[in-house]
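Lettering follows sequence order; numbering is per chain, from 1.
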Amino acid sequence: MSKSDIGDFHWMLTMFNNIDVGMVVIDNNYAIQSWNGFMVHHSNIDAADAKDKSLFDLFPSIDQKWLVRKIDTVKTIENQAFITWEQKPFLFPFENYRPITSTVEFMYQNITIIPLPSLTGKIDKISLIIYDVTDAAANRIELQKLRAQLTS
Amino acid sequence: MTIPIIICDDSSFARKQMARALPANWDVSITYAENGERAIEAIRKGLGDILFLDLNMPVLDGYGTLEIIQAEDLPTLTIVVSGDIQPEAHQRVSALGALDFIQKPTAKGKVLEILTNYGVVRPEDILQSQLLEDSASDLQDTISDDKLRLSDDNGVKLDAYQEVANVAMGRAGDLLARVLDVTVKLPIPKVNVLASSELHMILKATDEVSSISAVCQGFIGSGISGEALVLFYDSAAKELAGLMDYQGDVTDAIEREMLIDLSNILVGAFLKGFSEQLDLDFSQSHPELLGLHRSVAEIIHSEQRKWQEILAIEINYSIEEYDIECDLIILITQQSLPILNNKLIYLLDESII
């Protein structure tokens, strides 16, 4: 690697670890290959400890059959898939970012699953991108409650 | 010859840190003082050729102590040890006759460097290693003593938190002072264990008194989570706008932006100072203006929250010469406390080495 390559890698890594979005890469056996700062902070599992561990071993609460089916589809159609909080409030059991003044206990998540092709074009890795949508979800739920009160 | 020195700080955690930052085999007898008055008494008794002096203390603070030393020409060399790192504080204590300024948390090397520079420590002051072992074991005794005392209160080391908060507060204050180009008056941070009802009261005040705005920001990392609240008193808005160079009318939008910018500076600097000392790593959520999108009453009445006890660090910043005040309140969840306590014990042990 040339000096500038390492320089680029360095700032990209800083960004990867500081972005307020969860980024996970898993291989075909659902073993974690990459685990960014957001995931470290919210799960309290170090990137080094997560490496090569099965996603389903680390988070037994994840519905394996359900997620595997989603991921298989992504690999087959080579296109992204979405999981929204309305469908499933969360995939990773994280606490709310604001544990004290918030009205909901856990972090609502929107998730995007994207296929990562290797140099040969074969899909051998999958990335999960986790968005914290707690505020939007909590507001929507409040709004629905109010609407229900008005119409009843 | 044994040199009598005084370590004056209101925090016992800080006194211990300072004692441990002294050169290892320096032959001294240490007198501890928890405020300026005690230090002055000790100097008058001839117990303090050298005084290590904190600035923010109750009863008589560091500035007042320096004034008395200067006015009465008391025989002591004063080295200020403080978390207030604003240049203005440095200048003020120099003008009051302080020899030098050490930034908290005290680094051992720095203390030796200053003492050597001023010729306070000479090679002959350093004792043989045998004697050193004796004093080291003495120090060890006082440490284990203090450790017991520290954990009396609900298992929470309030005093240690206060000192760590003190250093972090100094950094946040310094940033605020630089951004606004003013002098920020630093208080003594208050560390308390709050029951949820007390927190309700704080939050309620922000809802009922329309002149208070609150910004809150969550933080999480290394198994520790909590929230930072910044409370502003609205009378300050116009003056703040002036200080932050906002031109024209202060609209609601500008006011909101200002509050969020300022609280981000305070919260960011505080958390950075806090996490660096304890070797933690936090990520912060986006700031949110409380009560803007959701009423505070709703948050308070939410039954889902199983609030137990919360560690609260309260810091009241005020800006000299302006009518501007704001409170920074750091709330840490109960489940984070065991991890934090371990980190504090480690911090204490580390400074022995």
Asker: Nearest 0.5 angstrom please: B:S222 OG to A:D46 CG, how far?
Answerer: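 These two atoms lie 8.0 Å from each other.
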Asker: Atom CG in A:D135, atom CD in B:E288: separation rounded to 0.5 Å?
Answerer: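 If I round to the nearest 0.5 Å, the distance is 4.5 Å.
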Asker: Going from OH on A:Y97 to CD on B:Q217, what distance comes out if it is rounded to the nearest 0.5 angstrom?
Answerer: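 Separation between the atoms: 8.5 Å.
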Asker: Once rounded to the nearest 0.5 Å, what's the spacing between atom CG of A:N17 and atom OG of B:S283?
Answerer: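 So the CG of A:N17 and the OG of B:S283 are separated by 10.5 Å.
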Asker: With sequence neighbours left out, write down each residue that passes salt bridge (Lys or Arg N to Asp or Glu O under 4.0 Å) with B:E257, or none if nothing qualifies.
Answerer: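 Partners of B:E257 by the salt bridge (Lys or Arg N to Asp or Glu O under 4.0 Å) criterion come out as none, since no residue qualifies.
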Asker: To the nearest 0.5 Å, tell me how far A:R98 CZ sits from B:C216 SG.
Answerer: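 Rounded to the nearest 0.5 Å, the CZ-SG separation comes to 4.0 Å.
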Asker: Identify the heavy atoms of A:H42 and B:I220 that sit nearest to each other, and give their distance.
Answerer: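 Shortest heavy-atom contact: CE1-CG2, 3.4 Å.
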Asker: Surrounding NZ of A:K75 (heavy atoms of other residues, nucleotides or ligands, distance under 6.0 Å), is the total greater than 12?
Answerer: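 Result for NZ/A:K75: enclosed.
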Asker: For B:S225 and A:P99, work out which heavy atoms get closest and say how close.
Answerer: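 What the structure gives for the nearest pair is OG-CG, 4.1 Å.
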Asker: So, taking the atom named CD1 in B:I339 and the one named CG in A:N44, what distance separates them when rounded to the nearest 0.5 Å?
Answerer: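 Reported to 0.5 Å precision, the distance equals 6.0 Å.
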Asker: Donor-acceptor check, side chain of A:H41 to backbone of B:D281, threshold 3.5 angstrom: yes or no?
Answerer: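 Yes, the answer is positive, given that a donor and an acceptor are paired below the 3.5 Å cut-off.
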Asker: Report, as yes or no, whether the 6.0 Å neighbourhood of atom NZ on A:K51 holds more than 12 heavy atoms from other residues, nucleotides or ligands.
Answerer: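 Result for NZ/A:K51: enclosed.
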Asker: Within a radius of less than 6.0 Å around NZ of B:K185, do more than 12 heavy atoms belonging to other residues, nucleotides or ligands occur?
Answerer: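 At most 12 heavy atoms, drawn from other residues, nucleotides or ligands, come within 6.0 Å of this atom.
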